[in-house]
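To start, the structure itself, in structure tokens.
Counting convention: from 1, in listed order, for ligands and their atoms alike. The shown structure was predicted, so the numbers you read here are calculated from the model rather than taken from an experiment.
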Amino acid sequence: EHANIPVRPVFSTLPSYAAGKPPAPVEGLTQYKLSSNENPLGPVPEVARLLAEFVTVHRYPDPLSTALRHKLSARLGVDADDIVTGAGSLGALNQILKTFAGVNADGVQDEVIYAWRSFEAYPILVGIMGARSVQVPNLPDGSHDLDAMAAAITNRTRLILVCTPNNPTGPALTYEEIAGFVADIPDDVMIIVDEAYIDFATKPGVRTAVPLIEEYPNVIVMRTFSKAHALAGVRVGYAIGDPEVIGAIQALLVPFGVNSLALAAALASLKDAEGVQRAVSEIIAERERIIPALRDLGYDIPDSQSNFYLIRGDVYGLVEACARVGLIVRPFRVGVRVSVGSREQNDRFLAVAAEFARTEGIGA
Ligand code: PMP
């Protein structure tokens, strides 16, 4: 007997979020997940210390994340009222979309523009709101085609998502590129700059878009504690923007969305900025070691400013070859995405990739 409960028709149209799925473990082999762009090094020691002693779980969290917002405000040089927190940046993005895009009473759908390929959650979240996705193909190097994105604006466009560095392709936009883009966008279209991976960017000119919020109330920057801070499991992220815009998003929040453990862990991590930076630098160094080695083997990899890289072409056999040695990597239509792991994990991947290139040929 099936439940006969009507859900909104939009659900039958949504792509599903294919979270990195684990292959069967191989006997005697530690399995490593390089499919979700996690930080392989874990959080700074202060986080573990705090979580071990955290007992006030019988209390509700501060619904306004006051302490965290103030700490972030000092860090970022913005007002605490310019910041709203969420359960991961996905939580924040969900609230932003809910605030600005949907389907109107006359049935007309708002339009949300973003690059494609980009983060796979975008079409799902946009679809849930009832809004329409307008996907603008990446340039051949995997970066955003900002001119085409600006040209895709219609009078129904409510929001543009800019992912930099872009998941899953890897390239990032410079501050000047973003500033130039923003200057050309009508002031009633929101521009969301998703900086989930910005801490891993090293390319000259790539830096946060936060300074733009002062001049442009239609710009929101999204950040997360999931990547550089290695707190993906506790779910905390935030958005930075004009206080009126942030206030509107805050007003729609599900109360207590960011839990007390997450708030405490984020604050603890912020205390050890050097420790966080050390881990980030180690991941960047591994990326700079591994990508040239893979390119030398003939693999086609776009520039990565992130903690992952995309191997393009017909390389799907790699996914299976990896699974046989306990490595989980992520296949996409555009190629196979591999998260930068620890040195040992990366070496294991490099060995598989070398063997695969030798035996299968990769058409390079
Ligand atoms: N933005 C991008 C581009 C991502 O790749 C991810 C996670 N993979 C997120 C946002 C969401 O991260 P979280 O919700 O953990 O902050």
Self-check item: Under 3.5 Å side-chain donor-acceptor pair for Arg337 and Asn167
Solution: yes
Practice problem: Establish, from distance only, whether the side-chain atoms of Asp79 and Ser73 form a donor-acceptor pair under 3.5 Å. | Solution: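 No, because no side-chain N or O of Asp79 sits under 3.5 Å from a partner of the opposite role on Ser73.
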Quiz item: Which atoms of ligand 1 are found less than 4.0 Å from any heavy atom of Cys163?
Solution: 3 (C)
Region of [X] engaging ligand 1 - heavy atom pairs below 4.0 Å:
X: Leu90; answer: both
X: Tyr197; answer: side chain
X: Lys227; answer: side chain
X: Ser226; answer: side chain

Exercise. Over 60° means perpendicular and under 30° means parallel, so classify the ring planes of Tyr197 and Phe308, tilted if in between.
Key: perpendicular
Practice problem: For the pair Trp116 and Tyr114, name the ring-plane relationship: parallel under 30°, tilted 30 to 60°, perpendicular over 60°. | Solution: perpendicular
Self-check item: Among Ile178, Ile220, Val221, the one residue meeting side-chain contact (heavy atoms from CB on, under 4.5 Å) with Leu212
Solution: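 Among Ile178, Ile220, Val221, the one that satisfies the side-chain contact (heavy atoms from CB on, under 4.5 Å) with Leu212 is Ile178.
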Practice problem: Just go through Thr224, Leu93, Asn37, Asp194 and tell me whose heavy atom is the nearest to atom 16 (O) of ligand 1. | Solution: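 Shortest heavy-atom distance from atom 16 (O) of ligand 1: Thr224.
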Self-check item: Nitrogen or oxygen of Arg235 less than 3.5 angstrom from that of ligand 1
Solution: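 By distance alone, the answer is yes.
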Quiz item: Quick one: does Gly237 get a heavy atom under 4.0 Å from ligand 1?
Solution: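 Judged by the 4.0 Å heavy-atom criterion, Gly237 does not count as contacting ligand 1.
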Quiz item: Would you say Glu355 has more than 12 foreign heavy atoms packed within less than 6.0 Å of its CD?
Solution: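 Check passes, neighbour count above 12.
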